[in-house]
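Working notes, beginning with the structure itself.
We number each residue from 1, following the sequence as shown.
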Amino acid sequence: MAATTYFTSSFTIEPPYLFTKPSPLSLRHLAFSPKAFSFPSPCLSLRSQPRFSPLFASQPDTNPFFNEDFDKPREECGVFGVIGDPDAASLCYLGLQKLQHRGEEGAGIVTADPESNKLQAVTGLGLVTDVFASPESLKSLPGTMAIGHVRYSTSGATASLKNVQPFLASYRFGQLAVCHNGNLLNHDKLKMELESRGSIFNTSSDTEVILHLIAASTSRPLLSRIIEACESLEGAYSLLFLTSSKLYAVRDPFGFRPLVLGRRPNGAVVFASETCALDLVDAKYLREINPGEVAVVDLADMSLSSACLMPPKPRKACIFEHIYFALPNSIVFSQAVYASRLAFGRALAEESPVQADVVIPVPDSGFFAALGYSQASGIPFGQGLLRSHYVGRTFIQPEQHIRDLSVRLKLSPVGGVLKGKSVVVVDDSIVRGTTSSKIVRLLRDAGAREVHMRIASPPVVGSCYYGVDTPSEGELISNRMDTAGVCRQIGSDTLAFLSLSKLHNLLGEEAPTFCDACFSKNYPIPPRKYEKVVEEVDEESLMEV
């Protein structure tokens, strides 16, 4: 068993300043209903439009440490929260395990114990089961409230323990914990402004900016400070905040990242990035947290109330949640993921038919699209590739012929399905093309007579600026060459993508409410760079330092 790496963390925010700008909240104070489980819908008409930040600097295939997983876009995080259950920490642990696909670099849980009025945190690097391998780790987290987080890094150093969430901070009004799914486009600008007023940052994560904004706010109560802080944010954020008595759930006005609400049979309220985590802990899915909504659950009477963060925006939900990120048994943006992927596969068969003997998926994300392709085309479905789920990140030797074998660690061909056959291979996307070329060679080596690649999404031609780890545009194979060129590059007999127009037709009236910038370069908020502020420091002050 691997050694457990976890620690209990917190940091203190003690800004020697206050923002003097009057809070807009003072002009529109929000009152909240104490009625238990009444779900007002002040934001039902809100739609989204995200804006985000740093790109994932992917490693080229020539890098000796190249990892096959980097050939896919990576979801940045998953969040889970529960309030009103005596087994809060254990439920959070289970929920995070179900969301493990959304982040594998680190995990953490913060609990609140109303008896001691204290918050406790355990965070660590690695998978959820690694961080909480010791029974003592969960026993150190008492209380009936918990929030948890699994992480891939988008903003902040990769695999840095100090950046693992939730963050637990102490400030002048007590303790506050936060976890964040998303990315802030104006993180650097806000951080410079805060530092110029005296803030000292403990991490390189954009999430810490939110804590400093709350600490600097003059509004009361905490809900008002949270709303005022969010008014300064640009980008995508689904947030969970925890105090000793309340749990807050916040979603950005553009609704880019998912966040759902459920309730257990004992009345406990649960928040999660996907409904699959609700199912695991026996929580009934109630609804999404609406774009631009802040929902508050009070432990004292288990009342839930909500209000709007900001004026309505046109929603721009991430279409890649349905193409690749979310588990197929989840409901995301009020739509069943498996049904979307079946529809994408059927449409792909209608647009790009081919004579073949068998349809196989690239496991696991291509499964339902391949099933849809098989149903629409009448070509039998088969499992020509088996995926090993026990292979982690490995050191790949520099020699090319050794690196070419790396794909076999995770994907094993089934000769009986492939030998002498014309094969349709269905995958969810092609990003850099390195893995696709290895799969084509693998199938040919296993005896496939023909290999026809079919991709259940349009060509990825643009980098995501909204919180998803993607390579730079120069590394996106479909940005550099047309479909025929990509086909030659990966070595398949034919290649076809689902067209963007067909994708829009499948989404119907909802099409304008999804962000497809990675396919169209039609960015909801144009990417921009903030100018760095260089402070003038006189020589005398430097001498004092």
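Side-chain contact between Val164 and Leu125 is present, with at least one heavy-atom pair separated by less than 4.5 Å. The shortest distance between side-chain heavy atoms of Met453 and Val440 falls below 4.5 Å. By the 4.5 Å heavy-atom criterion applied to side chains, Glu104 and Leu127 are counted as neighbours. The closest side-chain heavy-atom distance from Phe80 to Leu280 is not below 4.5 Å. Within the 4.5 Å cutoff, no side-chain heavy atoms of Glu274 are placed close to those of Val337. Residues Ser478 and Val460 form no side-chain contact, since every pair of their non-hydrogen atoms from C-beta on lies 4.5 Å or further apart. No side-chain heavy atom of Ile360 sits under 4.5 Å from any side-chain heavy atom of Val414. For the pair Glu351 and Leu498, the minimum side-chain heavy-atom distance is below 4.5 Å.
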Derivation and outcome, ring pair (Phe, Tyr, Trp, His ring centres under 6.0 Å), residues Tyr338 and Phe367: CA-CA 9 Å; Tyr338 86 93; Phe367 181 89; over 10 Å; no
Show your working on salt bridge (Lys or Arg N to Asp or Glu O under 4.0 Å) between Glu350 and Arg346 and close with a plain yes or no. CA-CA 6 Å; Glu350 294 168 2; Arg346 292 191 189 106; over 6 Å; no
Stepwise side-chain contact (heavy atoms from CB on, under 4.5 Å) check, Leu385 with Leu443: CA-CA 9 Å; Leu385 290 170; Leu443 296 175; 3.8 Å; yes
Test salt bridge (Lys or Arg N to Asp or Glu O under 4.0 Å) applied to Arg251 and Glu293, step by step: CA-CA 6 Å; Arg251 195 170 172 213; Glu293 179 183 4; over 6 Å; no
Test side-chain contact (heavy atoms from CB on, under 4.5 Å) applied to Lys98 and Asp279, step by step: CA-CA 9 Å; Lys98 198 64 176 179; Asp279 297 337; over 6 Å; no
Run the numbers on Val79 and Phe271 for side-chain contact (heavy atoms from CB on, under 4.5 Å), then give the verdict. CA-CA 8 Å; Val79 299; Phe271 298 96; over 6 Å; no
Step by step, would you call Glu208 with Lys191 a salt bridge (Lys or Arg N to Asp or Glu O under 4.0 Å)? CA-CA 9 Å; Glu208 191 181 351; Lys191 184 176 180 180; over 6 Å; no
Checking Leu239 against Cys230 for the side-chain contact (heavy atoms from CB on, under 4.5 Å) test, could you report, in this order, the C-alpha distance in whole Å, the side-chain angles of both residues, the deciding distance, and whether it holds? CA-CA 10 Å; Leu239 300 163; Cys230 290; 4.2 Å; yes
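With hydrogens and angles ignored, the 3.5 Å screen pairs a side-chain donor or acceptor of Asp493 with a backbone N or O of Val451. A side-chain donor-acceptor contact under 3.5 Å links Asp252 to the backbone of Tyr237. Checked by atom type and distance alone, the side chain of Ser205 never pairs as donor or acceptor with a backbone atom of Asn163 at under 3.5 Å. Side-chain atoms of Gln100 come within 3.5 Å of backbone atoms of Gly103 as a donor-acceptor pair (strictly under, hydrogens ignored). Without hydrogens or angle criteria, Thr275 side chain to Ile331 main chain gives a donor-acceptor distance under 3.5 Å. At least one donor-acceptor pair under 3.5 Å links the side chain of Ser463 to the backbone N or O of Glu473. In this structure a side-chain-to-backbone donor-acceptor pair under 3.5 Å is missing from Gln97 to Val128. Within the 3.5 Å criterion, the main-chain N or O of Asn181 finds no donor-acceptor partner in the side chain of Arg102. In this structure, Ser273 contributes its side chain and Leu259 its backbone to no donor-acceptor pair below 3.5 Å.
Distance check: Phe256 CZ to Cys464 SG gives 4.5 Å after rounding to the nearest 0.5 Å. Within the model, atoms CG of Leu184 and CG of Asp206 stand 4.0 Å from one another, a figure rounded to the nearest 0.5 Å. The structure places CG of Asn186 at 4.5 Å from CD of Glu234, a figure rounded to the nearest 0.5 Å. Between the OG atom of Ser365 and the CZ atom of Arg387 there is a distance of 8.0 Å, given to the nearest 0.5 Å. With rounding to the nearest 0.5 angstrom, the CD atom of Glu475 is 8.5 Å from the CZ atom of Arg480. Rounding to the nearest 0.5 angstrom, the gap separating the OG atom in Ser492 from the CD1 atom in Ile439 is 11.5 Å.
In this structure, Phe519 and Pro459 approach most closely via the heavy-atom pair CD2-O, 3.5 Å. Shortest non-hydrogen contact noted between Cys92 and Ile147 is SG-C, 3.6 Å. Nearest heavy-atom pair across Gly95 and Val281 is N-CG1, 4.4 Å. Among all heavy-atom pairs drawn from Pro363 and Pro361, the shortest one is CD-O, 3.3 Å. Minimum interatomic distance between Pro413 and Ala446 (heavy atoms only, all atoms of both residues): CB-CB, 3.7 Å. Nearest heavy atom pair, residue Gly78 against residue Leu99, reads C-CD1, 4.4 Å.
Within 6.0 Å of the NZ atom in Lys521, the count of heavy atoms belonging to other residues, nucleotides or ligands exceeds 12.
Contacts of Tyr285 classified as ring pair (Phe, Tyr, Trp, His ring centres under 6.0 Å), with partners at least two apart in sequence or in another chain: none.
In summary, the side chains of Asp428 and Ser457 do not present any donor paired with an acceptor at a separation below 3.5 Å, with no hydrogens or angles considered. No side-chain donor-acceptor contact under 3.5 Å links Ser422 and Gln355. Looking only at atom types and distance, the side chain of Arg454 has a donor-acceptor partner in the side chain of Thr494 under 3.5 Å away.
Using the six-membered ring where Trp is involved, His322 and Phe514 have ring planes that are perpendicular, over 60° apart on the 30 and 60° scheme.
No option in Val359, Leu348, Val358 other than Val359 meets the side-chain contact (heavy atoms from CB on, under 4.5 Å) test with Val424.
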